[in-house]
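In what follows, a single structure is set out as structure tokens and then discussed.
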Amino acid sequence: MSVYIPDDRTEALASNFESDCAEHRSDPPTDSQASKKADLAGPGIGDYDELEEILPRDYHPLLTAKETQKALFHLKRNIEDNLCKELSLMMVEVPLIVDAESGVNDMLDRDGSRTPIQFHISNDRDKHPIDAQVVQAATKWKRLALKQFECRQGEGICTDMRAVRKDYFLDHDHSAYVDQWDWERVITPEQRNLDFLKSIVRKIWKVLVGAEKFAQEMFPELRQPRYPNLPEELTFIHAEELLAMYPDLPRKRRETVILQKYPAVFIVGIGWPLLDGYPHEMRAADYDDWVTDTSKETLRDTHGLNGDILVWNHVTQRRHELSSMGIRVNAESLRRQLEMSNLLDNLKFPYHQGIVNNELPLSIGGGIGQSRTLMLLLRKAHLGEVSVTVWPKVLKEMCAKKNIFVLE
């Protein structure tokens with residue numbers, strides 16, 4: 001299903017990005033400017049007093065801790081197998097650490113606010129040292145891997161990716177420990193369009209809907225009228241259309257409101273500055289393509305070949321992001337996005353050179369949050385119920401009072 005609406009950044013953003021994008025936008029409404037900037041500040045709620053009010057008050061897990069562990073491993077295998085089947089992927093190993101000089105690590109955004117953990121490997125008494133980084137995501141590495149594994153058009157890879165994002169606020173659905181099904185697939189130049197993007201998104205959605213049914217066959221107690229199942233079809237809506245519907249609302253609030261109407265959506269076009277002057281959300285400059293003009297396909301002034309899958313979480317009563325994905329940059333869009341983000345110096349890195357010189361295959365790819373997905377399908381209130389990581393004492397105590405017991 002698609003929705004078509006008729007026509008009727010935080011302070012951390014670099015000043016050059018503001019000026020370079022000015023020609024593409026109108027002046028933002030002053031009454032909503034502050035809230036829209038704050039909404040771009042990063043993931044997570046950001047305040048434990050607020051989080052305490054948000055966490056459910058009458059929560060009772062449907063599965064025991066032991067049943068949950070059994071369900072986790074069966075569901076992971078189900079999703080991996082079906083992703084590979086639907087998208088013609090093969091499972092491959094993925095790095096936890098990468099060479100800092102490679103430029104392969106995912107910076108997550110373009111304002112420099114989320115930096116990877118970096119450490120020095122002295123190696124042979126510092127004669128052959130390596131400065132290494134813990135990956136924040138395998139987004140760029142996967143495109144290199146497509147070449148390494150000699151994937152042909154229509155073939156791709158899927159990984160059981162683990163990462164660390166130290167700059168997240170730790171709440172009920174954001175963790176410093178990140179696990180994703182990170183996947184990537186080779187495409188042709190002709191497939192760099194919205195129709196192809198949507199066809200891939202629908203295949204992924206089919207896998208997730210099937211996984212929910214699989215979980216409920218394994219544990220029928222997961223079938224609860226108070227927690228309706230995922231709809232069979234996603235609703236597609238462009239970020240520009242969503243802004244037209246709710247021009248005075250910040251991004252997260254727009255998502256919350258649209259999910260009341262459509263409980264599962266794919267928001268297209270994330271990263272380009274919208275009509276109000278702000279991108280729907282920040283996106284890194286060197287993987288998803290957020291600058292390509294798609295107006296001929298949408299009949300609106302739209303850009304971007306990427307998007308996010310979001311659903312309404314009936315346990316937490318909040319918006320819930322499952323996946324971020326998109327058609328990747330080619331030589332032209334990479335250079336333009338780096339220029340808009342004042343990051344042209346990144347062209348020195350081997351990864352970027354591989355794209356500019358057309359040495360890396362054109363691709364589409366994304367990441368599906370494992371713990372996020374499993375939390376949703378198993379009707380959990382907190383990521384910590386399905387993954388083991390670190391949480392602050394204040395959060396663990398808060399959860400315990402609400403019958404939410406995070407794994408240690």
Side-chain angles (χ1 to χ4, degrees), residues 10-12 35 37-66 68-69 72 96-97 105-109 111-119 133-137 161-180 250-253 255-256 281-282 310 313-322 324 367-408:
T10 62
E11 297 296 339
S35 62
K37 283 187 176 182
D39 200 46
L40 291 168
I45 293 168
D47 183 282
Y48 285 114
D49 290 335
E50 182 182 351
L51 179 60
E52 188 164 18
E53 295 299 316
I54 287 170
L55 290 173
R57 300 177 183 276
D58 57 347
Y59 175 68
H60 299 281
L62 301 180
L63 302 181
T64 66
K66 191 173 183 178
T68 298
Q69 290 299 305
L72 290 178
L96 176 63
I97 58 177
N105 209 348
D106 189 334
M107 296 295 111
L108 301 177
D109 53 32
D111 66 2
S113 63
R114 304 177 207 166
T115 57
I117 295 170
Q118 184 160 323
F119 59 97
Q133 294 176 345
V134 179
V135 298
Q136 297 194 115
M161 194 277 300
R162 300 287 184 270
V164 178
R165 300 180 184 176
K166 64 178 177 56
D167 296 315
Y168 275 9
F169 175 80
L170 309 182
D171 57 23
H172 70 293
D173 65 354
H174 290 88
S175 168
Y177 166 76
V178 177
D179 51 0
Q180 290 183 172
R251 183 261 311 181
K252 292 175 188 174
R253 184 61 185 157
E255 292 175 350
T256 297
E281 188 179 61
M282 299 293 286
L310 293 104
N313 187 321
H314 295 280
V315 177
T316 63
Q317 291 293 298
R318 289 179 62 80
R319 54 185 282 283
H320 195 88
E321 182 181 329
L322 295 179
S324 178
I368 303 169
Q370 290 186 17
S371 292
R372 284 279 188 88
T373 300
L374 297 167
M375 171 186 168
L376 180 81
L377 300 185
L378 299 180
R379 313 314 192 209
K380 300 294 186 179
H382 198 285
L383 280 182
E385 296 177 90
V386 297
S387 65
V388 183
T389 182
V390 295
W391 303 102
K393 183 179 178 181
V394 61
L395 179 56
K396 290 189 285 187
E397 291 177 346
M398 183 189 306
C399 288
K401 291 177 183 177
K402 293 176 177 285
N403 206 36
I404 303 169
F405 296 97
V406 300
L407 299 171
E408 301 266 2

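Residue numbers count from 1 along this sequence.
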Any salt bridge (Lys or Arg N to Asp or Glu O under 4.0 Å) pairs touching residues 396-408, not counting sequence neighbours? K393-E397, K396-E408

Listed once per pair and sorted, the salt bridge (Lys or Arg N to Asp or Glu O under 4.0 Å) pairs that draw on residues 380-392, sequence neighbours left out: none

Measure the spacing between [atom1] of [X] and [atom2] of [Y] and express it to the nearest 0.5 Å.
X	Y	atom1	atom2	answer
L51	M398	CG	CE	5.0 Å
I368	L322	CD1	CG	8.5 Å
Y177	S387	OH	OG	6.5 Å
L374	L72	CG	CG	5.5 Å
F119	I97	CZ	CD1	4.0 Å
E52	I54	CD	CD1	11.0 Å

Any chance you could lay out the side-chain contact (heavy atoms from CB on, under 4.5 Å) test for E281 and K252, step after step, and finish with the verdict? CA-CA 9 Å; E281 188 179 61; K252 292 175 188 174; 5.9 Å; no

Write down the atom of [X], the atom of [Y], and the distance for their closest heavy-atom approach.
X	Y	result
Y48	L170	OH-O, 2.8 Å
L55	H172	CD2-CB, 3.7 Å
F169	D47	CZ-N, 3.4 Å
S175	T389	OG-CG2, 3.3 Å
R319	T256	CD-OG1, 3.7 Å

Hey, does [Y] have a side-chain heavy atom less than 4.5 Å from the side chain of [X]?
X	Y	value
L62	L378	no
V135	P116	no
T316	M375	yes
N403	P61	yes

Kindly write out the residues that satisfy side chain to side chain donor-acceptor pair (under 3.5 Å) with [X], not counting sequence neighbours, or none if the list is empty.
X	result
R372	H174
Q317	none
Q136	none

Would you confirm whether [X], through its side chain, and [Y], through its main-chain N or O, come within 3.5 Å as a donor-acceptor pair?
X	Y	value
D179	R162	no
N105	V134	yes
D167	T115	yes
N313	H320	no
Q180	G369	no

side-chain contact (heavy atoms from CB on, under 4.5 Å) between H382 and D173, intermediate numbers included: CA-CA 6 Å; H382 198 285; D173 65 354; over 6 Å; no

F405: which residues meet the ring pair (Phe, Tyr, Trp, His ring centres under 6.0 Å) condition with it, sequence neighbours left out? none

Where do Y168 and R114 land on the side-chain contact (heavy atoms from CB on, under 4.5 Å) test, with the steps shown first? CA-CA 8 Å; Y168 275 9; R114 304 177 207 166; 4.2 Å; yes

I need the single residue from L383, D171, L407 that forms a side chain to side chain contact (heavy atoms under 4.5 Å, CB included) with W391. Which is it? L383

